[in-house]
Amino acid sequence: MPFAPTGSNELRTGHMRFPGSVSISDELLFGVIRQVTQSALAAGFKNVFIMGDHLGGQDELRLVAEQLDQDEARPHPGAHVYYIPDLYFKEKQQMKAYLAEHGIPYDAHAGTDDTSEVMFLDAKKWIRRDKLALSTEKDEPTTSVNGDPTKATPELGKMFIGFKIDNAVNQINQALATQKN
């Protein structure tokens with residue numbers, strides 16, 4: 001889903017301070033994820049895995065999975081709904097460790113990590129290299145960047161996205177193995 005809670009539309013908080021941002025409420029995200037998951041279950045999926053790559057909305061993803069996995073009224077009693085947080089949280093730990101090991105300061109938003117991932121996916125479409133600049137936590141309210149995107153590379157992006165994929169696949173395999181026991 002291309003949208004997540006990213007700040008107040010009315011108060012222009014969070015990312016909503018910047019032109020072009022789109023935010024939805026926590027309640028709407030919860031409702032959409034719940035209905036999409038219910039649709040998958042109704043269509044006959046036996047296992048539904050819910051995951052997100054944005055800090056905003058993680059609680060809603062977890063809550064939907066917990067509620068629907070325990071719902072006795074689901075279309076197939078043997079169906080399961082799983083929340084896969086390792087895609088986001090474990091990768092962040094791995095990324096922080098890698099950056100520290102290589103003398104690159106940790107960044108919290110739109111720095112080396114995020115910019116590298118976008119570069120790997122499609123640098124020509126999304127990255128304006130001439131606009132990349134170090135931005136501190138103090139600068140973040142006006143830049144939306146907290147880190148150093150000038151250190152970003154497509155190779156780092158490939159590695160970080162690889163962490164996400166490996167973490168999600170491993171957690172999914174663990175969930176399926178636990179289900180069979």
Side-chain angles (χ1 to χ4, degrees), residues 1-37 39-40 49-65 83-100 102-165 167-168:
M1 191 166 95
F3 305 108
T6 59
S8 167
N9 297 324
E10 295 83 25
L11 302 176
R12 295 184 51 101
T13 61
H15 298 304
M16 291 309 299
R17 298 181 316 254
F18 304 99
S21 296
V22 176
S23 184
I24 60 173
S25 69
D26 295 335
E27 297 80 17
L28 182 58
L29 177 68
F30 177 87
V32 170
I33 296 300
R34 182 178 177 85
Q35 290 186 8
V36 168
T37 303
S39 295
F49 302 95
I50 301 173
M51 58 192 98
D53 193 23
H54 187 268
L55 180 60
Q58 293 292 325
D59 289 339
E60 288 74 21
L61 299 176
R62 179 188 47 75
L63 190 56
V64 166
Y83 169 55
I84 308 297
D86 284 0
L87 174 128
Y88 182 77
F89 292 108
K90 189 171 182 180
E91 183 275 336
K92 291 300 178 206
Q93 293 170 346
Q94 292 165 312
M95 174 271 299
K96 287 179 190 178
Y98 180 88
L99 293 179
H102 291 85
I104 302 171
Y106 165 67
D107 51 62
H109 188 263
T112 304
D113 175 30
D114 296 336
T115 305
S116 291
E117 291 176 10
V118 174
M119 282 181 168
F120 172 67
L121 295 173
D122 191 349
K124 292 177 184 161
K125 183 176 182 181
W126 298 106
I127 303 293
R128 296 179 290 173
R129 286 192 175 272
D130 62 317
K131 303 288 185 188
L132 298 180
L134 172 67
S135 184
T136 66
E137 186 175 358
K138 183 184 94 188
D139 303 319
E140 193 269 338
T142 57
T143 66
S144 188
V145 176
N146 183 352
D148 191 356
T150 67
K151 305 269 191 257
T153 68
E155 295 77 20
L156 286 174
K158 181 178 182 180
M159 181 178 57
F160 296 147
I161 289 174
F163 289 163
K164 292 172 193 285
I165 293 167
N167 294 338

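None of the values given here were measured: they were computed from a predicted structure.
- Listed here is the closest heavy atom pair of Ser8 and Leu11: OG-N, 2.9 Å.
- Residues that satisfy the side chain to side chain donor-acceptor pair (under 3.5 Å) test with Thr150, not counting sequence neighbours, are Asp148.
- Distance CD1/Ile50 to CD/Glu60: 11.5 Å, rounded to 0.5 Å.
- Minimum heavy-atom separation, Phe163 to Gln94: CB-OE1, 3.4 Å.
- His54 places a side-chain N or O within donor-acceptor distance of the main-chain N or O of Gly56, the cut-off being under 3.5 Å.
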Result block: side-chain N/O donor-acceptor pairs under 3.5 angstrom for residues 18-33, not counting sequence neighbours:
unit_1 : atom_1 : unit_2 : atom_2 : d
Ser21  : OG     : His15  : O      : 2.7
Ser21  : OG     : Phe18  : O      : 3.1
Ser23  : OG     : Thr6   : N      : 2.8
Ser23  : OG     : Thr6   : OG1    : 3.4
Ser23  : OG     : Gly7   : N      : 3.3
Ser23  : OG     : Gly7   : O      : 2.9
Ser25  : OG     : Glu27  : OE1    : 3.4
Ser25  : OG     : Leu28  : N      : 3.0

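- The side-chain heavy atoms of Phe120 and Leu156, taken from C-beta on, include no pair separated by under 4.5 Å.
- Counting heavy atoms from C-beta outward, Trp126 and Met119 have side chains that stay 4.5 Å or more apart.
- Atoms OG1 and CG, from Thr136 and Asp107 in turn, are 12.5 Å apart once rounded to the nearest 0.5 Å.
- Shown here are the salt bridge (charged side-chain N to carboxylate O under 4.0 Å, His left out) partners of Asp113, two or more places apart in sequence or in another chain: Lys92.
- Looking at Thr115, its side chain never comes within 3.5 Å of a backbone N or O of Pro149 through a donor-acceptor pair.
- With sequence neighbours excluded, the residues that form a side chain to side chain donor-acceptor pair (under 3.5 Å) with Arg62 are Glu66.
- Nearest heavy atoms, Thr143 versus Ser135: OG1-OG, 2.6 Å.
- Closest approach of Pro85 and Tyr83 over heavy atoms only: CD-O, 3.1 Å.
- Between the side chain of Gln58 and the backbone N or O of Gly52, at least one donor-acceptor pair lies under 3.5 Å.
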- Does the side-chain contact (heavy atoms from CB on, under 4.5 Å) test come out yes or no for His109 and Ser144, once each step is laid out? CA-CA 7 Å; His109 188 263; Ser144 188; 3.5 Å; yes
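- The salt bridge (charged side-chain N to carboxylate O under 4.0 Å, His left out) analysis of residues 155-164, with sequence neighbours excluded, yields the pairs Asp53-Lys164, Glu91-Lys164, Glu117-Lys164.
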- Message: Could you walk me through whether Tyr106 and Thr112 satisfy the side-chain contact (heavy atoms from CB on, under 4.5 Å) test, starting with their C-alpha distance in whole Å, then the side-chain angles of each, then the deciding distance to 0.1 Å, before giving a yes or no?
- Response: CA-CA 8 Å; Tyr106 165 67; Thr112 304; over 6 Å; no
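- The salt bridge (charged side-chain N to carboxylate O under 4.0 Å, His left out) contacts involving residues 118-146 comprise Arg17-Glu140, where partners must be two or more places apart or lie in separate chains.
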